[in-house]
Amino acid sequence: SMHWTGMKKDELELQYSPSRWSLRMSADDAIKAHKKALKEGTDKARALAQTLLNVPYGAGDGEKLDVYIPSTNSLDMPLVIYIHGGYWQFLSKEESGFMAVPLVSKGVIVVAVDYDIAPKGNMDLIVSQVRKSVVSVVQQYSHIRYIFIFYTYHNLVCIYVATLLGLIWPQWSCPLTGAFLVSGIYDLLPIVSTYVNEPLKMTEEVAVRNSPTTLVQQLKSSSSDCHIVVAVAQHDSPEFRKQSEEYYKMLKTSGLNVTLEDVPDTDHFNVIERLVDGEYHLTRLLLKIMGMC
Ligand SMILES: N[C@@H](CC(=O)c1ccccc1NC=O)C(=O)O
């Protein structure tokens, strides 16, 4: 298929509009249903689990996180940090606790992180906030053996995997078991000239510097014990699917422990929504990697 640099603006914007690839419903309905499913799941998790809501991880207004706690307290509880997606301009932690529904009942702590989405925040700020949140969680829960970062779609995420695995962990003997990257963008350059970048206002320099593909080299030596899952929806756009495949290949070539999950019968939205279900393939894989089933 065609390289993005050869695409007209219309085609590039179609490729980077996940809602226009949903086979289940119209673009607008896919986004509406997505927000609704995530919010309902989060409300359900808040009713089921003990919670610590709005815990500060920094001094900024937006620097807060929610903790979902299992009732069975043990020192071996694994912890998942969920960093929400939404093109760095949509969603918040108020819609990000849904995956705690199946995980908390299996004895897993879930942390949902907020960060300043655009236009209030920009890419550099978001990356620094996510980094700060993870450092704060690791310090707070240092007695826990497994910390499992769960990065989700739209790469902030992935930026994160790269930045964290490569730069933070080596200093502190990494407790990181794995990283899940779901329907992400790993090379940010193609979106610089699209509508996605209007609120973000990334320059090419900012996009390259924060792209996970740029940061692969730094991951190399420090994270061979960490199992990285790159998951992509069957019905994600060809450009999204290519981004996942290429990032997967880069990680693999660098000698990292990585698998590519092409999730059948999903699109960009329900690939993540379905994490509310304990029987969903990605939920089970997450539990398996953490040694919980
Ligand atoms: N313009 C984007 C909007 C989008 O990606 C989105 C919107 C609301 C909540 C989440 C979104 N993306 C999720 O990864 C689209 O076409 O899907």
Side-chain angles (χ1 to χ4, degrees), residues 1-23 25-35 38 62 83-93 95-96 113-130 151-163 181-215 230-233 235-247 266-273:
S1 60
M2 189 190 270
H3 190 260
W4 69 268
T5 49
M7 290 178 192
K8 295 212 167 71
K9 190 164 190 250
D10 278 1
E11 177 59 19
L12 196 59
E13 295 201 330
L14 173 64
Q15 291 288 333
Y16 285 98
S17 296
S19 60
R20 293 166 67 186
W21 297 84
S22 172
L23 301 177
M25 44 188 114
S26 73
D28 287 351
D29 286 348
I31 292 172
K32 262 189 225 142
H34 187 56
K35 289 181 180 163
L38 300 186
I83 298 153
H84 75 78
Y87 267 172
W88 314 276
Q89 54 200 272
F90 304 109
L91 302 176
S92 73
K93 71 177 176 61
E95 300 88 28
S96 301
V113 168
D114 233 358
Y115 51 85
D116 287 319
I117 56 174
K120 188 177 179 212
N122 58 43
M123 191 60 74
D124 285 327
L125 178 70
I126 292 171
V127 170
S128 76
Q129 287 180 325
V130 173
Y151 290 107
T152 183
Y153 46 7
H154 302 157
N155 46 8
L156 149 183
V157 159
C158 318
I159 284 166
Y160 243 74
V161 167
T163 314
L181 316 178
V182 184
S183 269
I185 300 174
Y186 307 95
D187 174 6
L188 302 176
L189 259 190
I191 63 170
V192 169
S193 63
T194 69
Y195 77 96
V196 178
N197 196 34
E198 280 167 21
L200 286 164
K201 300 189 167 52
M202 284 188 290
T203 60
E204 290 195 350
E205 188 271 328
V206 169
V208 171
R209 180 156 46 76
N210 288 302
S211 286
T213 48
T214 306
L215 297 162
V230 178
V232 67
H235 303 300
D236 256 320
S237 72
E239 190 66 15
F240 263 78
R241 293 176 55 80
K242 199 167 166 188
Q243 286 251 4
S244 291
E245 259 161 59
E246 288 181 355
Y247 188 56
T266 54
D267 58 39
H268 187 81
F269 300 98
N270 63 1
V271 71
I272 205 86
E273 290 161 16

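Just so we're clear, the structure is a prediction, and the values are computed from it rather than from any experiment.
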Visitor: Can you find a heavy atom in the side chain of Met202 that is under 4.5 Å from one in the side chain of Asn122?
Guide: no
Visitor: Within the structure provided, determine whether Arg209 and Asp124 are in side-chain contact (heavy-atom separation under 4.5 Å).
Guide: yes
Visitor: With a 4.5 Å cut-off on side-chain heavy atoms, are Gln89 and Val196 touching?
Guide: yes
Visitor: Mind telling me whether Tyr87 and Phe240 have parallel, tilted or perpendicular rings, with 30° and 60° as the class edges?
Guide: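 Rings of Phe240 and Tyr87: tilted, as their planes differ by 30° to 60°.
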Visitor: Would you confirm whether Ser211, through its side chain, and Leu188, through its main-chain N or O, come within 3.5 Å as a donor-acceptor pair?
Guide: yes
Visitor: Less than 4.5 Å apart, side chain to side chain, heavy atoms only: is that true for Pro190 and Gln15?
Guide: no
Visitor: May I ask you to check whether His84 and Phe90 place their ring centres under 6.0 Å from each other?
Guide: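 That pair fails the under 6.0 Å test.
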Visitor: Would you check, one step at a time, whether the test side-chain hydrogen bond (donor to acceptor under 3.5 Å, both in side chains) holds for Tyr186 with Glu246?
Guide: CA-CA 9 Å; Tyr186 307 95; Glu246 288 181 355; over 6 Å; no
Visitor: Any side-chain heavy atom of Thr194 sitting closer than 4.5 Å to one from Trp4?
Guide: no
Visitor: Under the salt bridge (Lys or Arg N to Asp or Glu O under 4.0 Å) rule, collect the residues that match up with Asp267, sequence neighbours excluded.
Guide: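 Arg24.
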Visitor: Using the test side-chain contact (heavy atoms from CB on, under 4.5 Å), find all partners of Asp116 that sit at least two apart in sequence or belong to another chain.
Guide: Lys120, Leu125, Gln129
Visitor: Do His268 and Trp21 come close enough that some side-chain heavy atom pair is under 4.5 Å?
Guide: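 No, too far: nothing below the 4.5 Å cut-off.
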